[in-house]
Every structure is written in structure tokens, then in C-alpha cells.
> 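Starting off with a structure, shown below.
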Amino acid sequence: WVPEVKKLIGGLRDGPAARIYLDHDDAWGFTYGMGACLSQGVGETTQYSSFNPKNYKDWTVYKRLGIRPDQRWGGYPNEYSERTVSLLPKQTMLGQDNSKIYNYTLMLRPPMTKDALDFLGVSYIVRTAPLDAAARKSLDASEMVIKPDVFYPGIAGPLSVAKLRNPLSRAFLLPGLSEERLAGWADEMDVFVGEGVLTVQGVTHAYRPSRIEDYRPEHVTILAQSDQPGYLILSDLYHSFWRAKVDSRDVEIKKIFSLFRAVSVPAGEHRVEFYCVVPFLRTATLFSLALLAACLAATLWSLKNGF
């Protein structure tokens with residue numbers, strides 16, 4: 001990556017859990033900026049589908065096309081000719097164009113709307129074109145800066161950066177949330193962010209930001225404080241590899257809003273830790289080392305015996 005792009009992305013890391021939204025014409029390639037984000041430790045919301053769990057793909061498809069994961073639907077790659085597609089089993093496309101289905105299942109790009117970006121905790125939009133005044137107003141972007149000397153490789157236009165005013169905190173409490181309501185919200189995809197409140201299924205619930213003390217790819221520590229029991233939400237993707245502790249006590253991670261991780265916390269101040277445990281990692285590592293040793297031994301034997 002060119003130094004200017006890396007410097008720009010790194011400069012947007014205004015906290016341990018900074019998150020941005022990359023937006024550019026698909027014709028310029030799906031991956032522009034992803035490597036820079038990864039190298040600078042800045043999270044981003046546009047990704048290849050193979051990089052994320054299925055629930056993020058389901059959410060982005062629903063937000064883009066209105067198709068829920070329980071609907072039986074599909075399409076074929078754009079590289080297939082019309083003749084090839086005509087010879088394959090028919091897919092249920094639910095009135096959608098095959099090209100659109102393919103693009104939005106390959107590329108997980110949420111809609112650039114205030115509700116979607118606020119919900120994901122996006123602080124900045126980085127684009128290969130400026131936001132017009134109407135878009136800035138609808139997204140509630142407080143400022144817009146064009147970087148005239150910063151270009152993606154192979155792209156003619158300079159980058160622009162828009163800062164959003166009030167994204168949802170990456171870690172927040174829902175005080176007083178019952179277990180029953182949490183279960184009802186586990187797969188809910190329509191969440192609307194207001195000033196200090198979330199609206200879900202017509203129910204408005206107050207939220208309270210929590211402080212992220214340490215944020216690393218496989219370990220997150222959060223200080224949560226509330227005057228009543230509730231649930232702490234971390235707006236990172238729910239996945240079965242993650243574990244959690246509250247004050248060093250193991251707790252169950254539950255899914256909420258189809259995407260995020262939630263843990264129950266009592267009233268008071270508590271330290272919550274999320275950490276990743278990959279199954280069979282130690283076994284796989286030992287097996288790989290043993291296989292490498294066997295390959296080296298075979299190579300040395302071959303060289304010694306003139307093979």
C-alpha cells in the first residue's frame with residue numbers, strides 16, 4: 001500500500017475500536033483499502049463474504065435487498081454466460097437481478113444510510129468521491145475533507161473523508177433488558193439508533209456507552225457500570241469461537257440483533273472480557289510442526305542418498 005493511504009487510514013484511528021466505511025465504484029475493485037485498514041488496526045464494514053461469519057452476510061443482504069436468511073433464494077456468478085445459466089437448475093431470485101444478488105453476496109457492503117452506519121458504530125466514511133450536501137445532511141456528517149494528494153492505486157480521483165456525528169458506541173449497556181426480550185431480539189435486523197436510545201420492534205430502550213479499556217483482535221476488555229442489571233453489548237460479530245468473563249467469572253455470550261455479542265451483567269461496576277478460543281488450535285499446530293519435521297527429514301534423506 002502506498003504510504004499516503006496507510007497514513008490516512010491510520011490517522012482515523014481515534015480510539016481502540018475505530019471503525020470506518022469504505023465506499024468506491026465496484027469497477028475499481030472490491031479490495032481497495034482493506035489491506036491498509038488491516039495494517040493500521042482500523043476496523044471497516046465493507047468486506048468479502050469469505051472474510052466474515054454468515055450472520056454478517058445475512059444482515060447486509062437483508063439491508064440491501066430486503067431478503068431474510070430464512071427465505072430460499074440464490075443466484076449464479078456473473079462470470080457465467082446466459083447460456084450456462086440457462087442450463088443450470090433454476091434459482092429462486094425473489095424478483096432480484098442475478099447480477100445484483102451476486103454482487104451483494106460476494107461483497108458485504110451495508111447501505112450508506114444513517115441508521116445502518118450508526119448501528120455499526122462507523123465514525124468515518126472514506127470515499128473516492130466527495131459526499132454532496134444532501135448526503136452529508138442525511139448521514140449527519142459533521143465535516144467533509146478532501147485529500148487532494150491521497151489516491152488509491154490506479155484510481156484517478158483523490159480520497160475524501162466524512163466524519164459522522166453520533167455513531168453508536170462499540171460497547172454499550174442495555175440496563176433492565178430482560179432475558180426474554182433479549183431472546184426475542186436475537187435475530188432482529190431492524191434497529192434504529194436515536195439520541196441515547198435504540199428502537200427495536202416498536203420498543204424504545206435506553207442505552208449507555210461503556211468504556212473499552214483494551215481492544216485487540218483476540219481479546220477485548222470493557223468496563224461496564226450500571227445502576228441495574230442488564231446486558232452489555234459489544235458490536236463485534238457474534239461467533240462461537242468467542243468466550244467471555246465478567247469479573248473473572250465465565251459467562252455465556254448470547255447473540256443480539258443478528259450480529260452482536262451480549263453478556264449479562266449485574267448492577268454496579270464490572271470488568272468484562274471477551275477472548276477468542278479457536279478449537280483444536282494446539283492440536284493443529286503440533287500436527288503442522290510434525291508434518292514439517294517429516295518433510296525436512298525426507299528432504300535431507302533424499303539429498304544424502306542422491307535422489
Side-chain angles (χ1 to χ4, degrees), residues 19 21-35 37-38 43-113 115-117 119-120 122 127-128 152 154-155 183-192 200-201 235-242 253-262 276-281 283-284 287-288:
R19 185 174 279 169
Y21 180 97
L22 293 173
D23 183 62
H24 53 77
D25 191 317
D26 290 344
W28 288 330
F30 285 137
T31 62
Y32 283 120
M34 292 181 181
C37 289
L38 185 63
E44 47 149 333
T45 61
T46 57
Q47 288 283 346
Y48 273 126
S49 60
S50 58
F51 289 176
N52 287 287
K54 180 178 179 296
N55 57 336
Y56 192 58
K57 176 178 178 178
D58 290 342
W59 185 85
T60 56
V61 167
Y62 173 72
K63 286 297 181 180
R64 284 285 191 177
L65 303 178
I67 300 175
R68 296 188 63 87
D70 55 358
Q71 294 177 281
R72 299 179 63 84
W73 66 281
Y76 289 108
N78 287 345
E79 289 81 2
Y80 289 9
S81 68
E82 291 185 8
R83 173 174 168 75
T84 299
V85 172
S86 70
L87 298 174
L88 294 171
K90 298 298 182 184
Q91 294 275 20
T92 302
M93 298 184 184
L94 301 177
Q96 299 293 339
D97 177 76
N98 182 75
S99 178
K100 185 182 292 185
I101 288 178
Y102 178 67
N103 284 340
Y104 288 147
T105 54
L106 175 68
M107 187 65 181
L108 309 187
R109 179 175 294 166
M112 195 163 60
T113 62
D115 281 327
L117 300 190
F119 175 63
L120 293 174
V122 172
R127 305 187 74 217
T128 49
Y152 282 130
I155 295 177
W185 289 354
D187 296 309
E188 179 58 50
M189 295 183 176
D190 288 320
V191 183
F192 304 97
V200 192
Q201 297 175 345
S235 68
D236 284 358
L237 294 182
Y238 174 88
H239 195 283
S240 59
F241 289 177
W242 284 90
I253 300 178
K254 296 182 180 292
K255 182 172 65 171
I256 187 170
F257 306 144
S258 183
L259 295 179
F260 299 157
R261 309 172 201 161
C276 188
V277 177
V278 180
F280 308 113
L281 178 61
T283 301
F287 178 79
S288 299

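Keep in mind that the numbers below use all heavy atoms, side chains included, and drop hydrogens, waters and symmetry copies.
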> Just how far is it from atom CE of Met112 to atom CG of Leu117, taken to the nearest 0.5 Å?
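Answer rounded to 0.5 Å: 7.5 Å.
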
> Does Pro110 reach the side chain of Tyr21, with side-chain heavy atoms less than 4.5 Å apart?
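In short, these two side chains touch, coming nearer than 4.5 Å.
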
> To the closest 0.5 Å, what do you measure between CG (Asn55) and NE2 (His239)?
8.0 Å

> Can you measure from CD (Gln47) to CZ (Arg109) and round to the nearest 0.5 angstrom?
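Spacing of CD (Gln47) from CZ (Arg109) equals 11.0 Å.
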
> Could you measure the distance from the SG atom of Cys37 to the CZ atom of Arg19? Nearest 0.5 Å is fine.
11.5 Å

> Once rounded to the nearest 0.5 Å, what's the spacing between atom CG of Leu108 and atom OH of Tyr48?
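Spacing of CG (Leu108) from OH (Tyr48) equals 11.0 Å.
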
> Are the side chains of Lys255 and Leu237 in contact, using a 4.5 Å heavy-atom criterion?
no

> Any side-chain heavy-atom pair from Asp23 and Thr46 closer than 4.5 angstrom?
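In short, these two side chains do not touch, never coming nearer than 4.5 Å.
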
> Do Pro69 and Met189 come close enough that some side-chain heavy atom pair is under 4.5 Å?
yes

> What heavy-atom pair brings Lys57 and Ser49 nearest, and what distance separates the two atoms?
CD-CB, 4.3 Å

> Is any side-chain heavy atom of Tyr62 less than 4.5 Å from a side-chain heavy atom of Asp190?
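SC-SC contact between Tyr62 and Asp190 confirmed.
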
> Taking all non-hydrogen atoms of both residues into account, name the closest pair between Phe192 and Asp115 and its distance.
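Distance-wise, the nearest heavy atoms are CD2-OD2, 3.3 Å.
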
> With a 4.5 Å heavy-atom cut-off, do Leu94 and Ile101 have their side chains touching?
no

> Once the angle between the rings of Phe257 and Phe260 is folded into 0 to 90°, is it parallel (under 30°), tilted (30 to 60°) or perpendicular (over 60°)?
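Phe257 and Phe260: perpendicular rings.
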
> Distance check, rounded to the nearest 0.5 Å: Asp58 atom CG versus Asn52 atom CG?
11.5 Å

> Closest approach of Trp59 and Ala116, non-hydrogen atoms and distance?
CH2-CB, 4.2 Å

> Would you check if Thr45 and Tyr56 make a side-chain contact, meaning some heavy-atom pair closer than 4.5 Å?
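Answer yes - side chains close enough.
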
